[in-house]
Amino acid sequence: MAPKRPTSVGALPKVVERPAPILPDPAELYAALDLGTNSCRMLIAQPKGSGFHVVDSFSKSVQLGAGLERTGRLSRSSMARTVQALRICQQKLKRNKVRRMRLVATEACRRAKNARDFIQNVQRETGLSLEIIEPEEEARLAVISCAPLVSTKTDHLLVVDIGGGSTELVWIDITSVPARDRPRAIMRLHAGFHPPESPFPAAKVIDWISVPLGVATLRDQFQDVQDDSARFALMSWFFEENLANFTPYRRDHARERFQIVGTSGTVTTVAASHLGLTRYDRTKVDGLRMTSDQIDQVIRGYLDMGPEGRRADPRIGEDRHALIMSGSAILQALLRIWPTDRLSVADRGLREGLLYAQMSADGVLEDGPF
């Protein structure tokens with residue numbers, strides 16, 4: 001056996017070439033931006049099968065609606081913060097050469113007296129064209145984003161989207177839809193809550209509402225109440241009072257055939273607290289099912305902590321501690337009226353709905369659910 005040839009000192013190691021990452025074709029990319037009362041969020045994605053693959057994302061708390069409840073206007077500081085965040089979004093869109101996009105603004109811009117001036121300023125400063133969408137479209141987009149989480153055992157579905165400035169509720173009856181087609185029937189609502197006649201089994205929207213109270217606006221209504229528990233109780237009952245015009249089936253549905261799908265930072269934070277996650281993990285939270293009792297236990301824990309305890313709790317996080325009790329008050333009000341053993345947690349929402357709708361319209365989803 002021949003002896004091994006010694007390696008000379010200082011010899012260069014053999015270079016192993018790694019293949020360069022395959023960059024997505026810009027022609028295949030889509031973007032969706034959601035500018036809400038509290039946050040600015042964006043996704044850049046490419047179609048993949050009947051869904052999509054996220055290529056880039058952005059999320060930042062900009063508090064665009066800070067002070068809006070009191071003045072009826074967007075403040076200079078909140079607009080400046082938002083424009084700065086939108087500049088980052090514009091850079092990401094430019095870097096990825098995205099051509100297909102939908103950039104929308106919701107409740108804060110719907111309500112602010114100076115919203116049009118703000119939209120024009122965003123166009124001048126960043127080149128981005130923001131579109132203020134109506135509450136029904138916001139609700140519809142939230143519904144279709146959550147459709148994959150709908151159980152085939154569900155007869156009655158309540159989709160809840162708790163935003164910063166408003167909360168959208170949509171009650172859907174899918175009893176006439178074959179079990180295997182129920183998620184797809186929900187997806188087809190992208191065309192409207194009352195679509196024209198179709199050969200496909202139809203999901204029936206019984207009622208929907210956009211309540212102009214979200215985690216930021218509800219908190220602002222009761223900032224002068226000093227006692228933590230009293231403030232929480234007042235927020236919860238006040239939100240319930242604002243549901244008077246929402247009149248779907250009340251309690252005549254079978255609890256075991258009833259499902260709530262909740263999409264919001266509130267719902268995902270409650271889920272993370274229930275799981276004891278000190279570092280957020282979307283794979284564990286998205287799609288998790290919780291009962292009314294489990295959610296109530298988490299909320300009672302928040303109350304027991306008090307403001308200082310919530311601020312220090314890593315499961316809640318710095319961005320969420322000031323808003324978690326107003327969001328929990330909304331959640332508690334809903335579960336008081338419609339208790340369920342199946343609340344599905346959705347770490348998804350308006351952005352995902354915007355992407356699905358764009359890709360569906362272009363026919364690029366394989367075996368598309370629409």
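Any value given below was found using the heavy atoms of this structure, including those in side chains, with hydrogens, waters and symmetry copies removed. We're numbering straight along the sequence, starting at 1.
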Partner residues of Glu308 under the salt bridge (Lys or Arg N to Asp or Glu O under 4.0 Å) criterion, sequence neighbours left out: Arg311
N-O pairing of Glu69 and Arg219 below 4.0 Å: no
Ser39 side-chain N/O to Leu35 backbone N/O, donor-acceptor pair under 3.5 Å: no
Residue pair Gln63 / Ser78, side-chain donor-acceptor N/O under 3.5 Å: no
Nearest non-hydrogen partners of Asp296 and Gln332, listed with the distance: OD1-NE2, 4.1 Å
Ring pair (Phe, Tyr, Trp, His ring centres under 6.0 Å) contacts in which one or both residues fall within residues 23-78, not counting sequence neighbours: Phe52-Tyr356
Carboxylate-amine/guanidinium proximity below 4.0 Å for Glu137 and Arg102: yes
Salt bridge Asp220-Arg70, side-chain N to carboxylate O under 4.0 Å: no
hydrophobic_cluster_shared for Leu158 and Val270, side chain cutoff 4.5 Å: yes
Interatomic distance, Asp161 atom CG to Thr167 atom OG1 [nearest 0.5 angstrom]: 7.5 Å
Under 3.5 Å side-chain donor-acceptor pair for Gln259 and Thr340: no
Listed partners of Arg315 passing salt bridge (Lys or Arg N to Asp or Glu O under 4.0 Å), at least two apart: Asp313
Minimum heavy-atom distance between Ile174 and Ala203, given as atom pair plus value: CG2-CB, 3.6 Å
Qualifying residues under salt bridge (Lys or Arg N to Asp or Glu O under 4.0 Å), relative to Asp341, sequence neighbours excluded: Arg255
Test item: side-chain donor near acceptor, Ser129 and Gln123, under 3.5 Å: yes
Atom of Gln84, atom of Arg87 and distance for their closest heavy-atom approach: OE1-NH1, 3.1 Å
Side-chain (Thr268) to main-chain (Gly265) donor-acceptor, under 3.5 angstrom: yes
Residue from Ile260, Ile172, Val205 passing side chain to side chain contact (heavy atoms under 4.5 Å, CB included) with Leu157: Ile172
Distance, nearest 0.5 Å, that separates NZ of Lys284 from CG of Asp347: 14.5 Å
Chi angles and distances behind the side-chain contact (heavy atoms from CB on, under 4.5 Å) call for His156, Thr175: CA-CA 7 Å; His156 297 286; Thr175 52; 4.1 Å; yes
Residue pair Ala32 / Leu354: nearest heavy atoms and the distance that separates them: CB-CB, 3.6 Å
Value rounded to 0.5 Å, distance of CG in Leu74 from CG in Asn114: 4.5 Å
Heavy-atom donor-acceptor pair, Ser145 side chain to Gly353 backbone, under 3.5 Å: no
Verify same cluster id: Ile324, Leu213 (apolar side-chain graph, 4.5 Å): yes
Test side-chain contact (heavy atoms from CB on, under 4.5 Å) applied to Val160 and Thr263, step by step: CA-CA 6 Å; Val160 179; Thr263 169; over 6 Å; no
Interatomic spacing from CE in Met187 to CG in Leu189 - rounded to 0.5 Å: 10.5 Å
Atom pair NZ/CG of Lys60 and Asn38 - distance to nearest 0.5 Å: 11.5 Å
Distance flag, aromatic centroids of Phe258 and Trp171, threshold under 6.0 Å: yes
Shortest non-hydrogen separation from Thr106 to Gly36 and the atoms involved: OG1-CA, 3.4 Å
Derivation and outcome, side-chain contact (heavy atoms from CB on, under 4.5 Å), residues Val55 and Gln46: CA-CA 7 Å; Val55 172; Gln46 64 182 143; 4.2 Å; yes
Selection residues 151-160 - residue pairs positive for salt bridge (Lys or Arg N to Asp or Glu O under 4.0 Å), sequence neighbours left out: Asp155-Arg182, Asp155-Arg257
Ser292 side chain to Pro339 backbone, donor-acceptor under 3.5 Å: no
is_close_aromatic(Phe222, Phe238), centroid dist under 6.0 Å: yes
Nearest heavy-atom neighbours spanning Tyr302 and Thr269: OH-O, 3.5 Å
Gap separating the CZ atom of Phe118 from the CD atom of Glu125, nearest 0.5 angstrom: 10.5 Å
Sidechain-backbone polar pair: Thr37 side chain, Gly165 backbone, donor-acceptor under 3.5 Å: yes
Ring-face cation contact, Trp237 with Arg336, 6.0 Å cut, 45° max: yes
Expected output: side-chain Gln221 to main-chain Leu218 donor-acceptor under 3.5 Å: no
Basic-acidic side-chain contact under 4.0 Å: Asp34, Arg351: no
Cationic N near anionic O, under 4.0 Å, Asp181 to Arg184: no
Test applied, salt bridge (Lys or Arg N to Asp or Glu O under 4.0 Å); reference residue, Asp56; option that passes from Lys97, Lys94, Lys92: Lys92
Working for salt bridge (charged side-chain N to carboxylate O under 4.0 Å, His left out), residues Glu138 and Arg110: CA-CA 12 Å; Glu138 183 177 0; Arg110 286 196 291 261; 2.8 Å; yes
Partner residues of Asp227 under the side chain to side chain contact (heavy atoms under 4.5 Å, CB included) criterion, sequence neighbours left out: Ser229, Ala230
Short N-O contact, Asp293 and Arg300, less than 4.0 angstrom: no
